[in-house]
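Reviewing the structure listed below.
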Amino acid sequence: MRDLLEQLKEPLEDQEHARLLEQVKQLSANFLQQTGLNGSLALFGLLENHRNDRNRSRIQRQGAAMLSDTLLTDEIKNQLADAVADQSLKISQRRALAGLLV
């Protein structure tokens with residue numbers, strides 16, 4: 001999964017972007033379960049960046065938004081909300097979390 005996320009950071013053609021998003025979708029449940037908050041911050045942070053990146057095509061922005069909406073279950077939302085009160089979070093994690101929740 002980490003390799004997929006790294007690949008998605010690069011400029012891509014729409015078809016390649018869609019293919020990688022589909023792979024992320026298939027692997028996400030296991031990845032999020034194993035990595036907890038850090039995995040959620042990495043995955044949803046990247047999808048949010050793609051959603052807002054005007055250098056990406058409309059198709060890529062929409063694909064990232066749809067995948068984020070699909071993966072953002074009530075369980076994940078609760079995990080993110082609960083993390084706000086976690087005093088042991090690093091500053092970088094707090095920033096990433098705030099960016100996702102705003």
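Treat the numbers as computed from the prediction; the structure is a model and nothing was measured. By convention here, the first residue in the shown sequence is residue 1.
By the salt bridge (charged side-chain N to carboxylate O under 4.0 Å, His left out) test, R95 is found to be paired with no residue, residues two or more places apart in sequence or in another chain being considered. Partners of D86 according to the side chain to side chain contact (heavy atoms under 4.5 Å, CB included) rule, which considers only residues two or more places apart in sequence or in another chain, are S88, L89. Here D53 pairs with R56 under the salt bridge (charged side-chain N to carboxylate O under 4.0 Å, His left out) rule; sequence neighbours left out. For E22, the salt bridge (charged side-chain N to carboxylate O under 4.0 Å, His left out) test picks out no residue, with sequence neighbours left out. Under the salt bridge (charged side-chain N to carboxylate O under 4.0 Å, His left out) criterion, K9 pairs with E6, sequence neighbours left out.
At least one side-chain heavy atom of L8 sits under 4.5 Å from a side-chain heavy atom of L21. No side-chain heavy atom of E13 sits under 4.5 Å from any side-chain heavy atom of S57. Put simply, the side chain of Q33 reaches to within 4.5 Å of the side chain of N30, judged on heavy atoms.
Put simply, the side chain of Q93 gets close to the backbone of K90: a donor and an acceptor are under 3.5 Å apart. A distance-only check finds a donor-acceptor pair linking the side chain of T70 to the backbone of M66 [under 3.5 Å]. Put simply, the side chain of T35 never gets that close to the backbone of N38: no donor and acceptor are under 3.5 Å apart. Remark: the backbone N or O of L12 is paired with a side-chain donor or acceptor of Q60 at under 3.5 angstrom.
Nearest heavy atoms, F31 versus L43: CE2-CB, 4.4 Å. When every heavy atom of Q79 is checked against every heavy atom of S40, the shortest pair comes out as OE1-OG, 3.1 Å. Looking at every heavy atom in both residues, L5 comes nearest to A42 through CD1-CB, 4.5 Å. The two residues Q7 and L20 have their closest heavy-atom pair at OE1-CD2, 3.4 Å.
A salt bridge (charged side-chain N to carboxylate O under 4.0 Å, His left out) check over residues 62-80, counting only residues at least two apart or in different chains, returns the pairs R51-D69.
For the atom pair CG of L97 and CZ of F44, the computed distance is 12.0 Å after rounding to the nearest 0.5 Å. Distance CG/L47 to NE2/H50: 7.5 Å, rounded to 0.5 Å. Distance CG/L80 to CG/L41: 6.5 Å, rounded to 0.5 Å. Distance check, rounded to the nearest 0.5 Å: CG of L67 to OG of S28 gives 6.5 Å. Summarising the geometry, atom NZ belonging to K25 is positioned 15.0 Å from atom CG belonging to L4; distances are rounded to the nearest 0.5 Å. The CD1 atom of I76 sits 8.5 Å away from atom CG of L71, with the distance rounded to the nearest 0.5 Å.
Connection of I59 to L46 is not established within any shared hydrophobic cluster, with ILVMFWY side chains joined at heavy-atom distances below 4.5 Å, either directly or through further cluster members.
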